Amino acid sequence: MEKCRKKDILNLLLTMMEANDSVIKTLPIAAQELTDVFAQCQDAAIQIGTYLETFGEKYCSLVSILEDYCENIYQMSITISDRNISRKLFKKIRKQLAELQSRIQSELPEDRKEVVFLPYKASMWDSLESVWEAANDDENTDTYVIPIPYYDKNPDGSFRNEHYEGNLYPQYVPITRYDEYDFENRRPDIIFIHNPYDNNNYVTSVHPFFYSGNLKKYTDKLVYIPYFVLGEIDPDNKIAVDKMKHFCTTMGVFNADCVIVQSEDMKKIYVNVLSDFMKENAKKDTREYWEKKIWGLGSPKMDKVLTTTKENIVIPEEWLKVIQKEDGSWKKLIFYNTGLTSLLKYEDRMLDKISDVFRIFKENRNEIALLWRPHPLIEATIHSVRPVLWEDYKRLVDTYKTEGWGIYDDTADLDRAIALCDAYYGDSSSVVQLCQKAGMPIMMQNVDFIESI
């Protein structure tokens, strides 16, 4: 049976009152025309009684009222032709429904909330984790973390490989399989997502069931929190806003009931971009709508960075071999980040740049250690939109990993890498904002500069 809530039961009682009023106003009426109405009222009473029984014997008196109500409905069905008897029964029924409504409202506990989190890549879980922690700590809330499957895309947009990363989440996060949760019947109060693209990502796609447009059918409130953090810009800087406004006009933003962004300035940007978009494309003034829908509460990714320290992480033994000097002290550890945009733009030149970076750090490996963390979607992206680059890129990765003088980090735990490293070097990326928040010095790499050998 579909999950019932207190609010559903109260709405059901209201419907029963309206049905009862409708019957008495239309008397006299042929009995056979009321058969369906009486049957629906009795079915509703059974549904309410089943709900009340879940609370135990404490509410038996309410169940008794429902039983009397059903008897009165039956009596009304067989005496409907007698207007005087029907009116007396109507008054009893009205009184019973009013008492049920009042007592259920005041005596029954409030509904427990059911909140579902739908991450897809484990490395992006930090964009939801602090919200999950708060919900999980609420004794009146049931939370479910349900990692969802996603697919690499072929150049023609068809799906290639399926990925499911449910085994990559922290041990303290209980995981529910996506095929073991009945969205239609459970209908959670809130669903949180961090992938806004639906079918509009050229590289990957979550399973179509989990597109934001479909999820809206199964919840009262769909909330989107971006999986990324952008550099803060002035909302009045038109050039800077134009470069990032595509983040504001995704399907997840349009379909969500609430969008949580990293700051009040970012909220202003989203509101401005979306208001202009709707004015241009739908000829509507929607600013007030977006003002209510976009919340500048901050990013959970920042929360995670600030709470992750060297003292509360586990460092793999093979990493320690790279980080520690012979005397046991630590080398300076550099977070080297390579992104998608530079690789797609510069192709072979970017591969040459990465090779040169490796050469320099390898020569200085006794004093400085390198932690290379490429963008998690690089492999899928190259396969989809630059397949000719794949062999050269793979050769670069394999050589780096085989030589073993540096750390190759393709794990889901971005925050561990940030906590361990002393400085950032690499491409422009949302990771830069997180490293800055952690107090790390930042140096951006220039693909056009390759040191002479």
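Please read all numbers here as calculations on a predicted model, not as lab measurements. Hydrogens, waters and symmetry mates are skipped; everything else that's a heavy atom, side chains included, is used.
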Visitor: Count the heavy atoms belonging to other residues, nucleotides or ligands that lie under 6.0 Å from CZ of Phe55, then report whether that count exceeds 12.
Guide: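 Yes, because the 6.0 Å sphere around CZ of Phe55 holds more than 12 heavy atoms from other groups.
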Visitor: Using a strict 4.0 Å threshold on nitrogen-to-oxygen distance, state whether Glu264 and Lys268 make a salt bridge.
Guide: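 Salt bridge: no.
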Visitor: Can you check whether Phe247 and Phe228 have ring centres sitting under 6.0 Å from each other?
Guide: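 Yes, ring centres under 6.0 Å apart.
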Visitor: Going by heavy atoms in the side chains, are Met266 and Ile269 under 4.5 Å from each other?
Guide: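 Yes - at least one pair of side-chain heavy atoms lies under 4.5 Å apart.
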Visitor: Go through Tyr400 and Tyr408 one step at a time and tell me if the side chain to side chain contact (heavy atoms under 4.5 Å, CB included) criterion holds.
Guide: CA-CA 8 Å; Tyr400 178 82; Tyr408 182 78; 3.8 Å; yes
Visitor: Can you list the steps and then say if Ser429 with Tyr424 is a side chain to side chain contact (heavy atoms under 4.5 Å, CB included)?
Guide: CA-CA 11 Å; Ser429 163; Tyr424 174 95; 4.1 Å; yes
Visitor: Is the Phe209 to Tyr218 ring centre distance short of 6.0 Å?
Guide: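 That pair passes the under 6.0 Å test.
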Visitor: If the plane angle is over 60° it's perpendicular, under 30° parallel, otherwise tilted; pick one for Trp125 and Phe117.
Guide: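 Aromatic pair Trp125/Phe117 classed perpendicular.
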Visitor: So, for Lys301 and Ser127, which heavy atoms are closest and what is the spacing to 0.1 Å?
Guide: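 Answer, listing the atom of Lys301 first, then Ser127: CG-CA, 3.6 Å.
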Visitor: With salt bridge (Lys or Arg N to Asp or Glu O under 4.0 Å) as the test, pick out the partner of Glu114 among Arg186, Arg187, Lys221.
Guide: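 So the option named by the test is Arg186.
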Visitor: Any donor and acceptor pair, going by atom type alone, linking the side chain of Lys153 with main-chain N or O of Ser205 inside 3.5 Å?
Guide: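 Between the backbone of Ser205 and the side chain of Lys153 there is no qualifying donor-acceptor contact (under 3.5 Å).
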Visitor: Could you tell me the separation between the CG atom of Asp303 and the CD atom of Glu129, rounded to the nearest 0.5 Å?
Guide: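 Asp303 atom CG to Glu129 atom CD measures 9.5 Å (nearest 0.5 Å).
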Visitor: With ring-ring contact (aromatic ring centres under 6.0 Å, His included) as the test, pick out the partner of Tyr164 among Tyr150, Tyr120, Tyr178.
Guide: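 With Tyr164 as partner, Tyr150, Tyr120, Tyr178 yield a single ring-ring contact (aromatic ring centres under 6.0 Å, His included), made by Tyr178.
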Visitor: Nearest heavy-atom pair of Asp152 and Ala380: which atoms, and what distance?
Guide: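 Minimum heavy-atom contact is OD1-CB, 3.2 Å.
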Visitor: Are more than 12 heavy atoms, taken from residues, nucleotides or ligands other than Lys437, located less than 6.0 Å from that residue's NZ atom?
Guide: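 At most 12 heavy atoms, drawn from other residues, nucleotides or ligands, come within 6.0 Å of this atom.
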Visitor: Salt bridge check, Asp220 against Lys7: does any charged N sit closer than 4.0 Å to a carboxylate O?
Guide: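 A salt bridge links Lys7 with Asp220.
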Visitor: How many angstroms lie between CG in Leu52 and CD1 in Ile9, if you round to the nearest 0.5 Å?
Guide: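 Going from the CG atom of Leu52 to the CD1 atom of Ile9 covers 7.0 Å.
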Visitor: Do Asp265 and Ser263 have side-chain atoms, one donor and one acceptor, less than 3.5 Å apart?
Guide: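 Not at all, the side chains of Asp265 and Ser263 share no donor-acceptor pair under 3.5 Å.
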Visitor: Closer than 4.0 angstrom, basic N to acidic O: yes or no for Arg359 and Glu363?
Guide: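 The answer is yes: the pair qualifies as a salt bridge.
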Visitor: Flag yes if more than 12 heavy atoms outside Lys58 fall under 6.0 Å of its NZ atom; otherwise flag no.
Guide: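 No, because the 6.0 Å sphere around NZ of Lys58 holds 12 heavy atoms or fewer from other groups.
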Visitor: Hey, does the side chain of Lys293 reach the backbone of Val253 with a donor-acceptor pair shorter than 3.5 angstrom?
Guide: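 Checked: pair present.
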Visitor: Under 6.0 Å between ring centres, would you say that holds for Trp372 and Phe358?
Guide: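 Here the rings of Phe358 and Trp372 have centres that are less than 6.0 Å from each other.
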Visitor: Return yes if some donor-acceptor pair links the side-chain N/O of Lys267 with the main-chain N/O of Ile294 below 3.5 Å, else return no.
Guide: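 Such a contact is found between Lys267 side chain and Ile294 backbone.
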Visitor: First locate atom OH of Tyr336, then atom CE of Met443, and finally report the distance between them rounded to the nearest 0.5 Å.
Guide: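 Separation between the atoms: 13.0 Å.
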Visitor: Asn199 vs Tyr211, test: side chain to side chain donor-acceptor pair (under 3.5 Å). Steps then yes/no.
Guide: CA-CA 7 Å; Asn199 62 334; Tyr211 288 167; 5.5 Å; no
Visitor: Using a 4.5 Å cut-off on heavy atoms from C-beta on, say whether the side chain of Pro374 contacts that of Asp410.
Guide: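 Of all side-chain heavy-atom pairs linking Pro374 with Asp410, none is under 4.5 Å.
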Visitor: With the threshold set at 4.0 Å, does a side-chain nitrogen-carboxylate oxygen contact exist between Lys245 and Asp242?
Guide: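 Between Asp242 and Lys245 there is a salt bridge, with a charged N closer than 4.0 Å to a carboxylate O.
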Visitor: A quick test of your reading: do over 12 heavy atoms of other residues, nucleotides or ligands sit less than 6.0 Å from CD of Glu367?
Guide: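 Counting neighbours around CD of Glu367, 12 or fewer heavy atoms of other residues, nucleotides or ligands fall under 6.0 Å, so no.
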Visitor: Can we say Asp398 and Arg395 salt-bridge, meaning some charged N sits less than 4.0 Å from an Asp/Glu carboxylate O?
Guide: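 Looking at Asp398 and Arg395, the cut-off is not met.
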Visitor: Taking all non-hydrogen atoms of both residues, which atom of Thr219 and which atom of Pro188 are closest, and how far apart?
Guide: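 Answer, listing the atom of Thr219 first, then Pro188: OG1-O, 2.8 Å.
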Visitor: Would you name the heavy atoms of Leu344 and Arg386 that are closest together and state the gap between them?
Guide: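 Minimum heavy-atom contact is O-NH2, 3.2 Å.
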Visitor: Could you check whether any side-chain N or O of Thr141 sits under 3.5 Å from a backbone N or O of Val115, counting only pairs where one atom can act as donor and the other as acceptor?
Guide: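 No, the answer is negative, given that no donor and acceptor are paired below the 3.5 Å cut-off.
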Visitor: Looking at Glu280, I'd like to know if its CD atom is crowded, meaning that more than 12 non-hydrogen atoms belonging to other residues, nucleotides or ligands lie closer than 6.0 Å.
Guide: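 For Glu280, atom CD is not crowded (no more than 12 foreign heavy atoms under 6.0 Å).
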Visitor: Hey, does the side chain of Gln262 reach the backbone of Leu230 with a donor-acceptor pair shorter than 3.5 angstrom?
Guide: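 Side chain of Gln262 to backbone of Leu230, a donor-acceptor pair under 3.5 Å: yes, one is there.
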Visitor: Do the side chain of Lys310 and the main chain of Ala419 share a donor and acceptor less than 3.5 angstrom apart?
Guide: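 No: the side chain of Lys310 does not pair with the backbone of Ala419.
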Visitor: Using a strict 4.0 Å threshold on nitrogen-to-oxygen distance, state whether Asp327 and Lys325 make a salt bridge.
Guide: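 So Asp327 does not pair with Lys325 through a salt bridge.
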Visitor: Rounded to the nearest 0.5 Å, what separation is found between the CG atom of Asp234 and the CD1 atom of Ile239?
Guide: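 With rounding to 0.5 Å, CG (Asp234) is 12.0 Å from CD1 (Ile239).
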Visitor: For atom CD of Glu318, is the number of surrounding heavy atoms from other residues, nucleotides or ligands below 6.0 Å larger than 12?
Guide: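 Result for CD/Glu318: enclosed.
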Visitor: Kindly give the heavy-atom pair with the smallest separation between Val447 and Arg349, and that separation in Å.
Guide: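 In this case the closest contact between Val447 and Arg349 is CG2-O, 3.7 Å.
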Visitor: Heavy-atom count check: over 12 atoms from other residues, nucleotides or ligands less than 6.0 Å from Lys113 NZ?
Guide: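 Atom NZ in Lys113 is not crowded, with 12 or fewer foreign heavy atoms closer than 6.0 Å.
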Visitor: Between atom CG of Leu420 and atom OG1 of Thr309, what is the distance when rounded to the nearest 0.5 Å?
Guide: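 These two atoms lie 10.0 Å from each other.
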Visitor: Which of these, Val259, Asp257, Val261, sits in a side chain to side chain contact (heavy atoms under 4.5 Å, CB included) with Tyr224?
Guide: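 Looking at Val259, Asp257, Val261, the match for Tyr224 under the side chain to side chain contact (heavy atoms under 4.5 Å, CB included) is Val259.
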Visitor: Are Glu288 and Lys292 close enough, and set up right, to give a salt bridge (charged side-chain N to carboxylate O under 4.0 Å, His left out), and what steps lead you there?
Guide: CA-CA 6 Å; Glu288 183 177 353; Lys292 293 178 180 178; 3.5 Å; yes
Visitor: I need the Ile148 CD1 to Phe210 CZ distance, nearest 0.5 Å.
Guide: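 The CD1 atom of Ile148 sits 5.5 Å away from the CZ atom of Phe210.
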Visitor: Given 3.5 Å as the limit, does a donor-acceptor pair link the side chain of Asp156 with the main chain of Ser158, or not?
Guide: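 A pair under 3.5 Å: yes.
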Visitor: Mark yes or no for whether Asp126, through its side chain, and Lys304, through its backbone, hold a donor-acceptor pair below 3.5 Å.
Guide: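 Not a single qualifying donor-acceptor pair exists.
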Visitor: Would you indicate whether Trp405, at its atom CH2, is surrounded by more than 12 heavy atoms from other residues, nucleotides or ligands within a distance under 6.0 Å?
Guide: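 Yes - once you tally the heavy atoms of other residues, nucleotides and ligands closer than 6.0 Å, there are more than 12.
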Visitor: Under a 3.5 Å distance rule, please check whether Asn312 uses its side chain to pair with a backbone N or O of Thr307 as donor and acceptor.
Guide: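 Pair found, side chain donor or acceptor close to backbone of Thr307.
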Visitor: Report the C-alpha distance between Thr15 and Gln40 in whole Å, list the side-chain angles of each, state the deciding distance to 0.1 Å, and finish with yes or no for side chain to side chain contact (heavy atoms under 4.5 Å, CB included).
Guide: CA-CA 10 Å; Thr15 301; Gln40 290 169 11; over 6 Å; no
Visitor: Are side-chain N/O atoms of Asn255 and Ser212 paired as donor and acceptor at under 3.5 Å?
Guide: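 Yes, because at least one side-chain N or O of Asn255 sits under 3.5 Å from a partner of the opposite role on Ser212.
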Visitor: Does any N or O in the side chain of Thr54 come within less than 3.5 Å of the main-chain N or O of Thr50, such that one atom is a donor and the other an acceptor?
Guide: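 No; zero donor-acceptor contacts below 3.5 Å.
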Visitor: Can you name the closest pair of heavy atoms from Ile334 and Cys421 and give their distance?
Guide: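 Smallest interatomic distance, heavy atoms only, reads C-SG, 4.1 Å.
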Visitor: So Ile191 and Leu118, side chain to side chain contact (heavy atoms under 4.5 Å, CB included) or not? Walk me through it.
Guide: CA-CA 7 Å; Ile191 293 178; Leu118 297 179; 3.6 Å; yes
